> 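The structure's right below; bear with me while I get my questions together.
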Amino acid sequence: MSCSIFHAAHEDQRVFEMSDYQGPVARWCSGCGDHSVLAATQRLMTDEQLKPETTVFVSGIGCSSRFPHYMKTYGFHGIHGRALPIATGVKLSRPDLDVFVVMGDGDCVSIGAAHWIHSIRYNVDMVALLLDNNIYGLTKMQTSPTTPQGYKSNTQPYGSYLPALNPLEATLGVTNASFVAQTAEWVPAHLFATLQAAYRHRGFAFVRILQRCPHFTPDMYDEAVKQPDVVEILTHPEGIVVDGLDKIYKNQVRHDPANIHAARELAQEDAIRLGLFYRDETNPRYEETRSLPRRTAREKMDLLNEDFDHYAV
Amino acid sequence: MSCSIFHAAHEDQRVFEMSDYQGPVARWCSGCGDHSVLAATQRLMTDEQLKPETTVFVSGIGCSSRFPHYMKTYGFHGIHGRALPIATGVKLSRPDLDVFVVMGDGDCVSIGAAHWIHSIRYNVDMVALLLDNNIYGLTKMQTSPTTPQGYKSNTQPYGSYLPALNPLEATLGVTNASFVAQTAEWVPAHLFATLQAAYRHRGFAFVRILQRCPHFTPDMYDEAVKQPDVVEILTHPEGIVVDGLDKIYKNQVRHDPANIHAARELAQEDAIRLGLFYRDETNPRYEETRSLPRRTAREKMDLLNEDFDHYAV
Amino acid sequence: MKLPAVGATALADREPSVRSVTDLSVEIVSDSGEGAQKCGQIFGAVSAKMGNGVWTVEIIPAEVEPPPRNPAGASGIRIRLGDQEVTNWGDETNLVVAFNEQALLGRHGLNALAPDATVLVESMWATHPDPDIQKQWADAMEELSGRDYTIIEVPMEEQCLTVVDNPRKGKNMFALGMLCWIFDRDVERAKEQIAHAFRSKAAVITERNHQLLDLGYEWAEENLGFRYEIPTMEEGAPKVVMNGNEAIALGAVAAGLELAAMYPITPATSVSHMLGEVFEKYGGVVHQAEDEIAAAGVAIGSSYAGRCAFTITSGPGLALKTEFIGLAVMAEIPLVVVDVQRGGPSTGLPTKVEQSDLLAATFGQPGDAPHVVMAPATIEECFHIMTTARRVAEALRTVVVVLTDANLATGVAPFPRPELSAEWQAAPPDQRPIPGGLAPYAWDDRTGLSRRFIPGQPGGEHTLTGLAHDERSKVAYDSAINEWSSTMRSRKVAVFQHTLLPPEVNGDPDGGDLLVVGWGSTKGAIEEAVGRVRAEGLSVSSLHLTMLSPLPPGLKDIFSRFEKVMTVEINYSDKKGDPFITDENRRRGQLAWLLRASTLVDVDCWTRVLGEPLRPGRIAHAIRENMPGGAA
Amino acid sequence: MKLPAVGATALADREPSVRSVTDLSVEIVSDSGEGAQKCGQIFGAVSAKMGNGVWTVEIIPAEVEPPPRNPAGASGIRIRLGDQEVTNWGDETNLVVAFNEQALLGRHGLNALAPDATVLVESMWATHPDPDIQKQWADAMEELSGRDYTIIEVPMEEQCLTVVDNPRKGKNMFALGMLCWIFDRDVERAKEQIAHAFRSKAAVITERNHQLLDLGYEWAEENLGFRYEIPTMEEGAPKVVMNGNEAIALGAVAAGLELAAMYPITPATSVSHMLGEVFEKYGGVVHQAEDEIAAAGVAIGSSYAGRCAFTITSGPGLALKTEFIGLAVMAEIPLVVVDVQRGGPSTGLPTKVEQSDLLAATFGQPGDAPHVVMAPATIEECFHIMTTARRVAEALRTVVVVLTDANLATGVAPFPRPELSAEWQAAPPDQRPIPGGLAPYAWDDRTGLSRRFIPGQPGGEHTLTGLAHDERSKVAYDSAINEWSSTMRSRKVAVFQHTLLPPEVNGDPDGGDLLVVGWGSTKGAIEEAVGRVRAEGLSVSSLHLTMLSPLPPGLKDIFSRFEKVMTVEINYSDKKGDPFITDENRRRGQLAWLLRASTLVDVDCWTRVLGEPLRPGRIAHAIRENMPGGAA
Ligand SMILES: Cc1ncc(C[n+]2csc(CCOP(=O)(O)OP(=O)(O)O)c2C)c(N)n1
Ligand SMILES: Cc1ncc(C[n+]2csc(CCOP(=O)(O)OP(=O)(O)O)c2C)c(N)n1
Ligand code: SF4
Ligand code: SF4
Ligand SMILES: [Mg+2]
Ligand SMILES: [Mg+2]
């Protein structure tokens, strides 16, 4: 989102510290991946010097959706699955605001699926974060669409019946997708670089963040965390560039984010890949397409009188 | 769906004529593409000798969703956007029934989007027909997600603001997709062959049927109807085979329906392609995964007593 | 009685009989696509311009284009004319122009025609080459002959063919011509109106239609033996004529609403059609969302961001918005929800009128969700209520549900042109800094009111939530907080209730035998019925409620002055005396329920769900039947 | 008053004081993850086995694992013991075992502790290396000293370290040991129960827990100066002990339901956890749908196909099912909807009890949608009501909403083991041919009942629709059809109402000064309160309703025998005398509102939304305050 530039316009003497964005102590479990996403986001805001009063975090319901409460900005902790329509309304009538959306995997991919698909299509300029712990956290461990097949939960104690739905592949299948990336909460540098790229993207930036839930699924990303070799990093000058990451993550795959077909192939779950899968900034932003010159009350009344003329008896 | 075979099991002397499947005169506009889909479906049933009493047509709300009323089988004319969950419930508790779902583009792709995405994933054995006229018909010409960009409607009189959402690409992006085809209502032979392939597929068979709406969008498929050359036919021994079609449709593209990547590329809207994009019958059917031996009331009571023992004081 | 049209010569020189009336209904019925509605709209507009009271309502089949010549597929329009203002569609039709006998049969079957109605029917079918059609014609005439209709066969097709080669597209103007002669309408005015109606089309179209108009006029002059005369009113204050949905759309503009988030649904959609046309020039946006839930979410997001928005729908869509309405109430976000009621439950009767969403709109949200429900009674009120709704929603920081219905949505009538005021407009989002220490829900202990913070206001940063929260919008862990915040959300509605005035009694404020209470679109029909029975000497008055939740003050007091109180509504109630129906288990009209609970008065009800507006004659009949102490 | 635990030697030889009581509440509170709940469950089970009346209820924080040592994050369990059956969680806690002083502070803040409560609190924090913690401890003790608590410091950590290296995972068993000594519980039974509780874990776990149990027991024996004695009941009929959600789950099995379509939501989800475990062996399926709408759709599809299904949810989910409920009513498809109520509106108080979905469940559907709403009052009724609900839904071909709440869902108590009957089971889908000519809605004119056709039945082919339809399920074009089919859908509910018996009055059937009316989970608390005030000589009785729509017969008659009628509910109502609140605009309890509308009796209400079950003591107080003629 480029609104920060627009804000810079009317010059504002304030300089914001990290602490200017930090709300009350987060009430997530200790070790929860959400903590690192929160920290990275606060760092992003400091770097970009976003104004707390013109930044809005919208979320649904879930552990991850508590996110806005821990920011010192405007926040809208909505209802389960419906963060995106709310955010769309905010941005549609207030393009001057910076909008971030935080969703869980149940929130976005299950109950919120219709809004997710259609938000990709609207391409409203906002950052949409999917905090994917492959489980329903807040409601205490039920299967989510991204839960690996066979993984046991409280609703499916004999193991999930279906293969996990791949949010990247699905997103890349939707007409008008303009920014699709994946990162992991336990790779802070990559997480930050991804958030920054998403923020700077002009359009709907969808970021799937692999997130650990030590409380319910401590084993979920264990392998990926402990063995960097099972992870592949997508690299490209046009992609997400993180210096020095190759020291730990040896598997680097060059991928041009302009190539949708390659993106879709790479999105398959044969390996955990972090990076920018696809970006296309040429797609118009819906709120721009729809934005119109504002009228004064007077102007409106004159126009309204004209409209009434057509109905005059 | 293979249930007809299963039915054949308990031998049934009846032989069904087309008329055994024909309900009251359809109240669609004259020239509406829905008429031809109805005819093709009735012919399919005759060919496959489906039993009227074990066949269920489920639909949502819309012109196209009136479909079940015109069949002489069981039908469930549901509510807007929710045909798929209803059909899932029917098949889940009655795998012995043949289930067909008829949806409009607004019904399936707009309000029904979440169910559409998740039904692909469940892969319940049924035929899902998307009658796509790129418009809201019953409510009198509002923009639908598949309406071409710039096309004027009653809600968007200055032209649709967004590029049309491509249902094939989206479907192909969903994990567990098992049958994805496209046909056109004005090519009866291809329509029939596609319905037949869908019916015989064991799993969730998604068929997008390009459908004319002479009343509101007479021009929509005009070019494609008048100039066979703008249409490409996907051919492959494993695909949908229609003899003699090459006489009219010169553009034939060989495509192996086992190749998901090629399928996704071909699904792009650079040309109108008819045929089988993708098929994978190895995916388990959800209702089979979940099917369990039925218990007698007695057996259940004994089991229940055992369960109560765990709670005994 | 059935007379073939007398040959041209015959009438040429003798004067037609002129029937002078003060109130008359005309219908033009046809297959869909034959332009009957256009014909009626123009006729209505011309009549209004000439000073008659007018109410027109369209007859819309359930399918877009049902099979032709089909009783269930009749498409058309009714125009009711009067020497005074006309407030409703009336009782039965006195004059019918039918393009085929099957459409006519459809209307006959619905008892839409007066026993002595005059019918002008296309004659071609009688002699149609297809024997089945001839048979259908004969059977129809047989059936119709059971009533005292005066049936006149008119060779519309034959006549139109002299001007156009496809009469299907011309008959409506020929019919208009006939009506212009029969009612002595100013032909020039009619031609202007035609020109306006087809302004978007090529000029030749208008010309041809003018020719057809003249043709119909002349044919009638030469062949018809009767005319109608309806006194007109003085040209009073300037008027506008439109339907209720157009009034809602323009009302939204007048109210300063800038975002309409919707998902198509009959009969609400035409509001967005209208706004789709005009809204952008006001800087307004019609957002067609993927579903009704998203539409509500987008509207809420916009309101939260400082631009109060509205969402418009009908029953099934209202059901889907239930959860979001609860959120808006809990988080105190202003939201206007317009529900254009149709027949229910479920998909029900999508194109037909009903008033059965009242309880769902008021109590439909799980949890205790105090908010406001109001219903306009006239097309004019449809316009003004949008400003009221927006203001109340913002002042109370809550949801305002506006209940209109298919009757208002499709009914067309003139009303005094509003004197527009810039004051009606919403203020732009407040972006001033928030004074230090002020909380986002700094409820005034007494009133429950608080100042809304809008993103962009420095110092107002907070996270709004649908969880129980304290005045700082922090999630509530202390049990007392929930009790207190619930009290505050309820209190402000009570405060609003104190600003309301007791409704005015139509008839005798001092009381009488029976008080009829109504709400919404039935006002005109109820008051007309009450007028009739009062003329008969019955001691009956009526009361009409615009504010339904909270209810206005003084009701119990008013009710106490009447021996009996009865609501008249277009929703379902069990009929007294039906099998198994007792005073204990009887389902009552929805307003009756509300009134009983709040006043403890034994409010009776007379309701119907026939999928049509109530007819004043039937209401009058019901009143007579329900007079205390038995039928009058 | 605060006494440190007396040194081991001191007590060794003298007898502890034994406090003999008939009713006592114990709480174990801790940070989440310290096993307080497990400890309490085992203690409750053992106590029940020994013949005490028991009610346990868990204390669940709003977050999964809130920050440690945080008053708002207290996690734990309350166990109420009695010499008779215990029907509710009671008033305050008399004995508390706290793993840290902050959790204790949290409970203190919610007024959960009796003024003279005895507290056993972990002593390690007093001397914790972290000075902040020492400070917090000191401040807490300061705060607590304001009450007459008896605070005993217990070195739980220190003790447990002698057996385990991570006491966080052992303290709960140590605490259990202390409680076993204090209440003289049978240690062998306790060990069995431990073994059962950890059966899925390794044997060593059980062993270690047994050691810890003994350790706690011995420590208490040596160090505590008091014990409690609670008389036990005769071993009566065999009993089972479970919570309301487990009872719903087993009830669904008993009813022969084979498909539970759901989407997770607190506090309903544990029903599906239970069914997820056991349902498959019965041939049953738990389908976790993508959302609540789909869950309702899947259930409806299954019911339509001949296997009656149910869907389970809580407030926000009920809101989303609104449209589908309307369809099931309109198309006459049996459906059971279980709503485990929580605090609202919106997300509200997800883990807390409320009874505010009554009106939404009854009137929430746009259009007139007659259906049935019932509410179990006890855990035992949670089990049996599922069979009733399934049967009524199938017999009437309509929707039955079952309203339970978080209090029943999480409350655990023993009840007589049901005598299971195979009759309760649903019949397999009827697949017999349909007699020629029979219509899919062949309504019996008098009763509105009709035979349901199930796919697979030859000759029954038809298309079911949510559009208004005639008895052949054809879309209605004739206006009279809608009126008639609406009548039929309403009539069958009236017929059902005739099968109901008037509810029984608890107290004086002949009447008296005050009648308290309740519904759902509050029965135990209300009747206990009524018992207390009757003992004081007040003329008070109570009435509890299980059937809420339709209401049972005879209510008006019963009410007429009492000077005043008042509901007691866990939902919101304005308080009389509050600013701006008048008799006209007062929002009343939801049941009160229903009763006023149907009986026209001036039913008052006393309601609270504190996010906790009602306390009998507070109800008794409210009763005294509300006695006609002013406080007694
Ligand atoms: C309409 C509705 N349905 C269900 C719920 C219950 N609920 C709250 S959060 C949640 C899912 C949490 O999982 P996820 O979205 O993955 O977020 P996480 O807690 O894992 O971060 C559910 C089902 C709700 N609050 N509202
Ligand atoms: C919940 C709900 N929302 C909206 C509607 C109104 N509605 C009926 S059909 C329809 C869409 C029709 O378009 P489509 O699905 O493409 O079917 P078509 O008529 O074109 O065949 C809509 C919006 C409804 N009946 N229910
Ligand atoms: S439950 Fe999991 S997702 Fe939720 S806060 Fe704890 S660790 Fe994080
Ligand atoms: S409106 Fe279009 S889709 Fe509907 S019936 Fe007519 S032609 Fe078919
Ligand atoms: Mg999750
Ligand atoms: Mg369509």
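We name chains A, B, ... by the order of the sequence lines, and we start the count at 1 in each one. All values derive from a computational prediction rather than experimental measurement.
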> Looking at A/Ile260, A/Leu165, A/Ile111, which one has more heavy-atom pairs under 4.5 Å with chain B than the rest?
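Most heavy-atom pairs within the cutoff with chain B belong to A/Leu165.
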
> Pairs of donor and acceptor atoms under 3.5 Å between chain B and chain A, please, with atom names and distances.
{"from": "B/Val109", "atom 1": "O", "to": "A/His118", "atom 2": "NE2", "distance (Å)": "2.8"}
{"from": "B/His118", "atom 1": "NE2", "to": "A/Val109", "atom 2": "O", "distance (Å)": "2.8"}
{"from": "B/Arg121", "atom 1": "NE", "to": "A/Pro163", "atom 2": "O", "distance (Å)": "3.2"}
{"from": "B/Arg121", "atom 1": "NH2", "to": "A/Pro145", "atom 2": "O", "distance (Å)": "3.1"}
{"from": "B/Arg121", "atom 1": "NH2", "to": "A/Pro163", "atom 2": "O", "distance (Å)": "3.1"}
{"from": "B/Pro145", "atom 1": "O", "to": "A/Arg121", "atom 2": "NH2", "distance (Å)": "3.1"}
{"from": "B/Pro163", "atom 1": "O", "to": "A/Arg121", "atom 2": "NE", "distance (Å)": "3.2"}
{"from": "B/Pro163", "atom 1": "O", "to": "A/Arg121", "atom 2": "NH2", "distance (Å)": "3.1"}
{"from": "B/Asn166", "atom 1": "N", "to": "A/Thr175", "atom 2": "OG1", "distance (Å)": "2.9"}
{"from": "B/Glu169", "atom 1": "OE2", "to": "A/Arg264", "atom 2": "NH1", "distance (Å)": "3.3"}
{"from": "B/Glu169", "atom 1": "OE2", "to": "A/Arg264", "atom 2": "NH2", "distance (Å)": "2.8"}
{"from": "B/Ala170", "atom 1": "N", "to": "A/Gly173", "atom 2": "O", "distance (Å)": "3.3"}
{"from": "B/Gly173", "atom 1": "O", "to": "A/Ala170", "atom 2": "N", "distance (Å)": "3.3"}
{"from": "B/Thr175", "atom 1": "OG1", "to": "A/Asn166", "atom 2": "N", "distance (Å)": "2.9"}
{"from": "B/Arg264", "atom 1": "NH1", "to": "A/Glu169", "atom 2": "OE2", "distance (Å)": "3.3"}
{"from": "B/Arg264", "atom 1": "NH2", "to": "A/Glu169", "atom 2": "OE2", "distance (Å)": "2.8"}

> With a 4.5 angstrom heavy-atom cut-off, which part of A/Leu162 approaches chain B: side chain, backbone, both or neither?
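Backbone plus side chain of A/Leu162, per the 4.5 Å heavy-atom cut-off to chain B.
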
> Tell me, side chain or backbone of A/Ala267 under 4.5 Å from chain B's heavy atoms, or both, or neither?
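Interface part for A/Ala267: neither.
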
> Listed by chain and number, what are the ring-ring contact (aromatic ring centres under 6.0 Å, His included) partners of A/Phe277, not counting sequence neighbours?
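Here no residue qualifies.
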
> Tell me, for B/Leu172 versus chain A, whether the close heavy atoms (under 4.5 Å) come from the side chain, the backbone, both or neither.
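Contact with chain A is absent: no heavy atom of B/Leu172 under 4.5 Å.
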
> Contact part of A/Pro145 toward chain B, heavy-atom cut-off under 4.5 Å: side chain, backbone, both or neither?
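Contact with chain B is through both the backbone and side chain of A/Pro145.
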
